[in-house]
Amino acid sequence: MSVPHTLLGLLEVRARHGYDLKRAYDAHFGQDRPLKPGQVYATLGRLERDGFVVVRGTGREGGPDRTTYAVTAEGVTDLDRWFAEPEGPAAYLQPVLFAKVVLALQSGRDAVQVLDAQRAEHLVTMRDLTARKSGADLDRVLGLDFALFHLEADLRWLEHTAARLERLAAEVAS
Amino acid sequence: MTEPLLTARDLHLSFGESSALSGASIDVAPGEVLALLGPSGSGKSTLLHCLAGILVPDRGEVRYRGSRLDSLSDDLRSELRRGDFGFVFQFGSLVPELTAVENVALPLRLSGHKRRTAEARALEWLERLEVADVARKRAGEMSGGQGQRVAVARALVAGPRVVFADEPTGALDSLNGELVMDLLIGAAREQGASIVLVTHEPRIAAYADREVVIRDGALAATVTA
Ligand SMILES: Nc1ncnc2c1ncn2[C@@H]1O[C@H](COP(=O)(O)OP(=O)(O)OP(=O)(O)O)[C@@H](O)[C@H]1O
Ligand SMILES: [Mg+2]
């Protein structure tokens, strides 16, 4: 899961203060693992240092909770790259892929393109692993099969999600 | 790139009100293994049937080795299908009145082989597909997966130039799916056959040289190495 990009994506949808950001994150992406407040501010600090977000203003109370953050042009460029680049075929990709799809929908990007790019990346990896099976010893083959079945599960989820984008778009419209 | 063996340009085809193909174009190279992916109802089987000259599109053209399939006479087209093409259909590939071995021998019998040699070769293919034990059963007396493997044997027995396979592993467990794919890929690599494969299983598509995604009757995306 890429917490920095997810927070940045939420800030692109609209500027928010830290607590609001945590709530938005937890609602969509953190049901199992809500963000700790400290994590939000530490991440925002790093995003600000890197020039991806700026402080838009502080509320009357002046507490840290009331500081509003907004994405910068550099931040948007970084997000564009994140959406365009498929994830490497690692284990447990679902959270980051789900975040990409939801944020693509919320920010008016093409979620189908995000899913297609990921599918292509997965298929190329699967093709490579399949080619390596031919002529290999059984222990090697079974190891490759393990990876193939897991990548296939990811792909099935991608297809399943692609088929439900319209409904998801309606649900996550913010 | 070498001349494509099979080309389809801007195919359109409707069944009454419902449009199944709306501008599908594709090339298949000699010896290429091509996978067609896409949601149910997106037009994969229809495209396959047009490529194989089983269906004639309302608009657009299909060429096989340079000549138009849709302008051939029915007789010539049938002859071409018999001589050059092998088929595995999504449903009902086998002739129900015939036994497995007779089904597999059929393409050889139609091209003039004697019964005895045709059935001997058919039996070899049934053995390769590990279904020799159902050789004397009729289609209705086999399991779905056995019938599917018999259909694959029949598609390959006459050494076709192109094999059209619509979900050839749909009823198979993963090991038998692998067996079928190894034989299809073997036909491509050893005999230079082209394989056009419809599948919804990513592990099966991963055997292909190229994957094409069909959405709403047209090509949506292509994945090459
Ligand atoms: N013989 C037919 N008569 C009427 N409509 C048809 C016929 N064959 C196909 N269709 C329609 O054409 C569209 C494409 O069908 P097709 O069989 O090509 O889909 P498919 O991609 O192969 O789907 P599946 O993955 O379910 O096999 C569908 O909407 C289907 O209802
Ligand atoms: Mg079909």
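Remember, predicted model here, so these are calculated numbers, not experimental data. Residue numbering restarts at 1 for every chain, and letters A, B, ... go by the order of the sequence lines.
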Determine whether more than 12 heavy atoms belonging to other residues, nucleotides or ligands lie under 6.0 Å from atom [atom1] of [X].
| X | atom1 | answer |
| --- | --- | --- |
| B:Arg189 | CZ | yes |
| B:Gln191 | CD | yes |
| A:Asp145 | CG | yes |
| B:Arg68 | CZ | yes |

Item to complete: Decide, yes or no, whether a salt bridge links B:Glu211 with A:Arg119 under the criterion of side-chain N to carboxylate O below 4.0 Å.
Response: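 Judged by the 4.0 Å cut-off on N to carboxylate O distance, B:Glu211 and A:Arg119 do not form a salt bridge.
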Worksheet item: Is B:Asp182 paired with A:Lys133 through a side-chain N to carboxylate O contact shorter than 4.0 Å?
Response: no
Worksheet item: Once you round to the nearest 0.5 Å, how far does NE2 of B:His200 lie from CZ of A:Arg156?
Response: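 Those atoms lie 5.5 Å apart.
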Worksheet entry | Rounded distance [0.5 Å steps], CG in A:Leu148 versus CZ in B:Arg203 |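 These two atoms lie 7.5 Å from each other.
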Discussion item. What part of A:Asp128 gets within 4.5 angstrom of chain B, counting heavy atoms only: side chain, backbone, both, or neither?
Written reply: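 Neither part.
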Practice prompt. Let me know if A:Ala163 has heavy atoms under 4.5 Å from chain B in its side chain, its backbone, both or neither.
Written response: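 For A:Ala163, no heavy atom lies under 4.5 Å from chain B.
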Worksheet item: B:Arg215 versus A:Asp116: any side-chain heavy-atom pair under 4.5 Å?
Response: yes
Discussion item. Side chains of A:His122 and B:Pro202, heavy atoms from C-beta outward: is any pair under 4.5 Å?
Written reply: no
Check each atom of [X] against the heavy atoms of chain A and say whether the ones under 4.5 Å are side chain, backbone, both or neither.
| X | value |
| --- | --- |
| B:Glu178 | side chain |
| B:Ala208 | backbone |
| B:Ile185 | neither |

